[in-house]
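The next block holds one structure in the form of structure tokens; read it before the comments.
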2 protein chains.
Amino acid sequence: MSDKNENTTKTSLLILERYLPYRLSILSNRTSSLVAQSYKDRFGLSITQWRIMAVLGEYPGASADEISAKTQIEKSLISRAISNLLNRNLIQRQISKEDKRRTKIDLTETGYDVYSQIVPLSLKYEEQILSCLSDDEQALLSELIDRLYVNAVKLQF
Amino acid sequence: MSDKNENTTKTSLLILERYLPYRLSILSNRTSSLVAQSYKDRFGLSITQWRIMAVLGEYPGASADEISAKTQIEKSLISRAISNLLNRNLIQRQISKEDKRRTKIDLTETGYDVYSQIVPLSLKYEEQILSCLSDDEQALLSELIDRLYVNAVKLQF
DNA sequence: TGACATTAGTTGCATTAACAACTAATTTAG
DNA sequence: CTAAATTAGTTGTTAATGCAACTAATGTCA
């Protein structure tokens, strides 16, 4: 027994290809970019723009900050993406009466039309991505992802 | 029965928070940025730089293209990261004798020393990230991720 | 052998993202 | 009531990323 490097620790082996954060990252990149390319081609929307619209479909009248929280997208990116969507008349906004710092943002009619086209498309994509798993496996995966995320949020390295 | 929107299709519902590509994306971002921050703080290395070093630890003498394939990082990023690692004397390279376009890249002694410090750290991080799952669940997750990735690579939207 | 295509790696450029500083409105405390 | 702190949103700056053009070397095939 020499020092702290016992046989359990020896020169420990890292195989990038099997490293979980790496694998999550490449899986996520692949799925996101598949979907992103489709939205870009069909509607000229980036993932960020689409996610904002998705939140507004669920939560009409949300503020920029609420959108930032729901999408996990940094608020300066939200601000610029909102400008773009406003210019394209996909969303509209008004200043909140109760709090003049806030804005209430909504899909326009055009925006809602686009939204209504993308929703079924994105659900179909999700289904295809998950098509290699049984229903039970899908449910399990979903649970595991939730737990991993809850755990990851608490961690601090 | 009005138009094409039957009850089966109705205005289908998308809940971003439950949408798999989104959830994968935020989980992956969280885990990667946890790890990234640690490498940045402790060794001044970005994830890209670290992944290159990780590949070289596994595959000494790899070429830039091989590194790009193993890390899934675009080759221009690899090229620039390699320049940086060369400047910092963490890696070294020589032109391949058989094919003068290729380079053979290796960790320097310094680089290997850093590598040897990061490997156990990164394994510990992985363990902590997975600590919320049982061994069986970890194995299952691993399998599901593999299958999802294989499937995702084949898909085309 | 010699044109043509392919491959390895580098560089330029345009887009995206992250981070901090800033303005304006609101809330909190004394 | 007012000074200080907080919050919503915007903007500037810099770094990271992605794509495409480019050079140089090699491979292909008539």
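Quick note on labels: first sequence line is chain A, next is B, and so on, each numbered from 1.
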For residues 150-157 of chain B, dump all side-chain donor-acceptor pairs below 3.5 Å to protein atoms at least two apart in sequence or in another chain.
none

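Checking D:dT26, D:dT11, D:dC19 against every side-chain atom of B:Arg80, the shortest atom distance belongs to D:dC19. Set against D:dT10, D:dT17, D:dT26, the side chain of A:Ser79 has D:dT10 as its closest nucleotide.
A salt bridge is absent between B:Lys104 and B:Asp99; no separation between the charged side-chain nitrogens and carboxylate oxygens falls under 4.0 Å. The existence of a salt bridge linking A:Asp65 and A:Arg102 is excluded, since no basic side-chain nitrogen approaches an acidic carboxylate oxygen closer than 4.0 Å.
Considering only heavy atoms from C-beta on, A:Leu148 comes within 4.5 Å of B:Leu130 through its side chain. When side chains are defined from C-beta on, A:Arg30 does not count as touching A:Ile26, because their heavy atoms never get closer than 4.5 Å. Between A:Ser63 and A:Ile105 the shortest side-chain heavy-atom distance does not fall below 4.5 Å.
Look at CG on A:Asp65: it is 12 Å from C1' on D:dT6, rounded to the nearest Å. To the nearest angstrom, P of D:dC19 lies 11 Å from CG of A:Asn29. The distance between atom CD of A:Glu74 and atom C1' of D:dT14, rounded to the nearest whole Å, is 14 Å. Distance, B:Leu77 CG to D:dA16 C1': 8 Å, rounded to whole Å. Taking atom CD on B:Gln72 and atom P on D:dT17, their separation rounds to 15 Å, with Å as the unit. Straight-line distance from the CG atom of A:Asp99 to the P atom of D:dT6: 17 Å, rounded to whole Å.
Comparing A:Glu66 and A:Gln37, the nucleotide of DNA chain D nearest to each residue sits closer to the 5' end for A:Glu66. For the pair A:Lys100 and A:Lys40, both in contact range of DNA chain C, the more 5′-proximal nearest nucleotide belongs to A:Lys40.
Note on B:Ser76: a base of the nucleic acid sits closer than 4.0 angstrom, heavy atoms only. Contacts of B:Lys75 with the nucleic acid, taken as non-hydrogen atoms under 4.0 Å apart, include base atoms. A:Ser83 comes within 4.0 angstrom of no nucleic acid atom, judged by non-hydrogen atoms across all strands. Among the heavy atoms of the strands, none lies under 4.0 Å from B:Ser46.
A:Arg88 is linked by a salt bridge (Lys or Arg N to Asp or Glu O under 4.0 Å) to nothing, counting only residues two or more places apart in sequence or in another chain.
You can see that DNA chain C meets the heavy atoms of chain A within a 4.0 Å-exclusive cut from C:dA17 to C:dT26, reading 5' to 3'.
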